[in-house]
Protein chains: 2
Amino acid sequence: MPSQTGRSSSSRQYPCERCPLRSLPVFREFEKPELAFISKLKKGELAVDKGATVLVEGSHSAHLYTVLSGWAFRYKLLQDGRRQILNYLMPGDLIGLQGSVMGEMQHSVEALSPMLLCVFERDNLLEIYRNHPGLAYDITWIASREERMLDENLLSVGRRSAIERAAYLVAFIASRAKVVGLNGTQSIQIPITQQHIADTLGLSLVHTNKTIRKLMDRQLIVWRDGGCGVVDIEGLKQLAGWEGLAEGRRPLI
Amino acid sequence: MPSQTGRSSSSRQYPCERCPLRSLPVFREFEKPELAFISKLKKGELAVDKGATVLVEGSHSAHLYTVLSGWAFRYKLLQDGRRQILNYLMPGDLIGLQGSVMGEMQHSVEALSPMLLCVFERDNLLEIYRNHPGLAYDITWIASREERMLDENLLSVGRRSAIERAAYLVAFIASRAKVVGLNGTQSIQIPITQQHIADTLGLSLVHTNKTIRKLMDRQLIVWRDGGCGVVDIEGLKQLAGWEGLAEGRRPLI
DNA sequence: CGTATCTTTGATATAAGTCAACAGTGGTGG
DNA sequence: CCACCACTGTTGACTTATATCAAAGATACG
């Protein structure tokens with residue numbers, strides 16, 4: 001399965017005030033002092049290779065990250081190696097909040113592509129709560145958003161058929177990717193293998209392959225460049241019976 | 001399936017300072033001012049009938065609740081009525097945080113037994129963040145804990161076999177119930193039907209029944225008084241390959 | 001009692017898993 | 001430059017887990 005530890009810290013490049021993500025319409029405006037405070041907390045940037053493990057279950061990481069660019073996924077393993085992917089991470093998402101708040105990590109995170117991460121010290125989290133209630137509230141908001149996504153994923157894995165699940169998953173990822181500007185060429189390209197999809201949907205690799213083929217036959221997706229190209233996101237949503245993300249603007253930390 | 005709306009507000013009975021839950025060893029000590037503040041926020045108590053809907057998907061509830069006594073569950077529905085139970089709620093758990101933070105509820109909550117709830121105003125949430133950073137942090141902690149439980153549930157539904165899932169579920173609920181003192185008679189009694197279990201595990205009712213029977217044959221559980229009696233929690237954990245909850249003390253809001 | 005809600009069971013159907021083999025791809029080292 | 005290897009995707013044959021259907025017992029309840 002995975003994965004070598006390929007990291008390299010790079011010197012700081014983007015001050016938060018000129019963060020390329022912050023200008024996207026999905027993210028709410030921050031007050032000057034909030035932004036300055038965040039900027040002060042930022043410790044640097046971390047470049048991560050594709051396939052590298054960012055965080056590992058059982059560890060007590062001293063860091064908290066925000067994805068600047070690239071894709072990753074969160075997962076848990078059963079004792080015998082069966083893997084369940086819990087969610088995907090893309091630009092603007094926080095990595096490691098659970099571990100920061102509660103201590104030990106209970107899941108692992110692996111990069112799906114080369115990534116650039118903003119690094120924060122775990123210890124500074126409390127400082128946010130003391131000095132910037134608005135930002136503290138934002139962090140709770142972010143945790144609630146993750147919970148909401150997990151609710152949806154659990155509904156899908158528990159109650160949808162294989163093809164509905166696959167359609168939901170692609171539509172879900174594509175919807176999220178779109179709002180953070182990951183559709184440069186107009187159609188979104190998700191850098192995952194069919195094994196990842198299988199481990200997300202709770203299906204076997206072979207059955208996943210046959211299911212994906214059906215989506216391709218229906219002209220909803222294509223498989224190219226070692227990943228999934230999204231052709232008809234509305235068709236996917238309809239097939240899955242999924243309403244889509246009901247999100248307005250959100251905070252970026 | 002469900003369920004009538006049976007609520008009745010009762011006049012206030014327990015001031016937070018004499019909350020019967022707070023003295024349990026699972027809950028961390030609160031400072032006097034924290035406790036006073038919480039007590040001030042508490043608006044009253046709400047008695048809910050078994051089977052009643054506490055919160056409904058799509059609504060904008062003005063309230064946030066803490067379970068004083070009784071059991072409930074969170075769930076989501078697909079358009080055609082398929083139901084997925086996401087998690088269970090028992091004394092000490094918060095109800096409706098997601099909705100309070102993000103606005104609209106994206107799941108429903110139904111009582112499994114008669115319940116008593118502490119009622120808080122949604123609007124006062126921000127006040128907590130402004131005046132009590134420690135409590136604000138606790139709320140994020142609680143949200144992270146819920147996320148963690150969902151991670152485990154998703155792992156289970158996605159990757160465990162039917163009997164492993166059932167064993168995990170019972171062990172999981174029983175472990176949580178034990179630490180909040182729900183084992184008066186020593187052995188824990190979970191007030192659910194097999195339909196609830198089916199909708200939690202993502203299985204059909206018939207298959208769930210046959211699976212539960214296997215657990216009974218193995219002397220791990222019994223079915224009595226319209227609910228599940230937990231006989232051998234260690235045996236269940238072993239069958240599921242589950243390590244158990246790794247929780248220390250937690251906040252009670 | 002009579003009715004509704006749960007649980008149980010057997011027979012059958014279907015979705016998904018497993019096994020096995022092969023084809024395309026890209027990388028690496030001789 | 002080629003041979004080899006690892007990884008990914010594809011397919012068909014077969015097995016198994018789980019779903020569906022149908023009916024009958026239990027059990028609680030008014």
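Remember, it's a predicted structure, so these values are computed and weren't measured experimentally. Below, chain A is the first sequence line, B the second, and so on; all start at residue 1.
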Write down the distance between [atom1] ([X]) and [atom2] ([N]), rounded to a whole number of angstrom.
X        : N      : atom1 : atom2 : result
B/Asp225 : D/dA28 : CG    : P     : 8 Å
B/Gln194 : C/dT9  : CD    : C1'   : 12 Å
B/Arg224 : C/dC6  : CZ    : C1'   : 18 Å
B/Ile192 : C/dT7  : CD1   : C1'   : 14 Å
A/Trp223 : C/dT25 : CH2   : P     : 16 Å

Problem set entry | Side-chain donor-acceptor pair present, B/Gln195, B/Arg83, cut-off under 3.5 Å | no
Problem set entry | CA sep, side-chain torsions, deciding dist, call: B/Ser69, B/Leu21, side chain to side chain contact (heavy atoms under 4.5 Å, CB included) | CA-CA 9 Å; B/Ser69 68; B/Leu21 291 173; over 6 Å; no
For this session: Show your reasoning for whether side chain to side chain contact (heavy atoms under 4.5 Å, CB included) applies to A/Arg218 and A/Leu239.
Result: CA-CA 11 Å; A/Arg218 297 198 195 191; A/Leu239 174 53; 3.5 Å; yes
Exercise. To the nearest 10 degrees, what angle separates the axes at the start and end of the helix from C/dC1-D/dG30 to C/dG30-D/dC1, five pairs each?
Worked result: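 It works out to 40° between the end axes.
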Seminar exercise, completed: Per the under-4.0 Å heavy-atom filter, residues of residues 200-218 of chain A near DNA chain C come out as A/Gly202, A/Leu203, A/Ser204, A/Val206, A/His207
Problem set entry | Salt-bridge criterion met for B/Arg145 and B/Asp93 (N-O under 4.0 Å) |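 Yes.
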Exercise. Could you go step by step and tell me if B/Leu155 and B/Trp242 meet the side chain to side chain contact (heavy atoms under 4.5 Å, CB included) rule?
Worked result: CA-CA 11 Å; B/Leu155 169 66; B/Trp242 182 56; over 6 Å; no
For this session: Rounded to the nearest 0.5 Å, what's the gap from CG on B/Leu64 to SG on B/Cys118? Could you check?
Result: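 The CG atom of B/Leu64 sits 10.5 Å away from the SG atom of B/Cys118.
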Problem set entry | Interatomic distance, B/Met90 atom CE to B/Lys178 atom NZ [nearest 0.5 angstrom] | 13.0 Å
Exercise. Using the ring of each side chain (for Trp, its six-membered ring), is B/Tyr75 parallel, tilted or perpendicular to B/Phe73, with breaks at 30° and 60°?
Worked result: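 Answer is tilted, since the angle falls between 30° and 60°.
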For this session: Mind listing the residues from residues 150-172 of chain B sitting with a heavy atom below 4.0 Å of DNA chain D? Number order is fine.
Result: B/Ala162
Exercise. Counting only heavy atoms not in B/Gln238, do more than 12 fall under 6.0 Å of its CD?
Worked result: no
Seminar exercise, completed: Given the options A/Arg74, A/Arg176, A/His107, A/Glu152, A/Asn87 meets side-chain hydrogen bond (donor to acceptor under 3.5 Å, both in side chains) only with A/Arg176
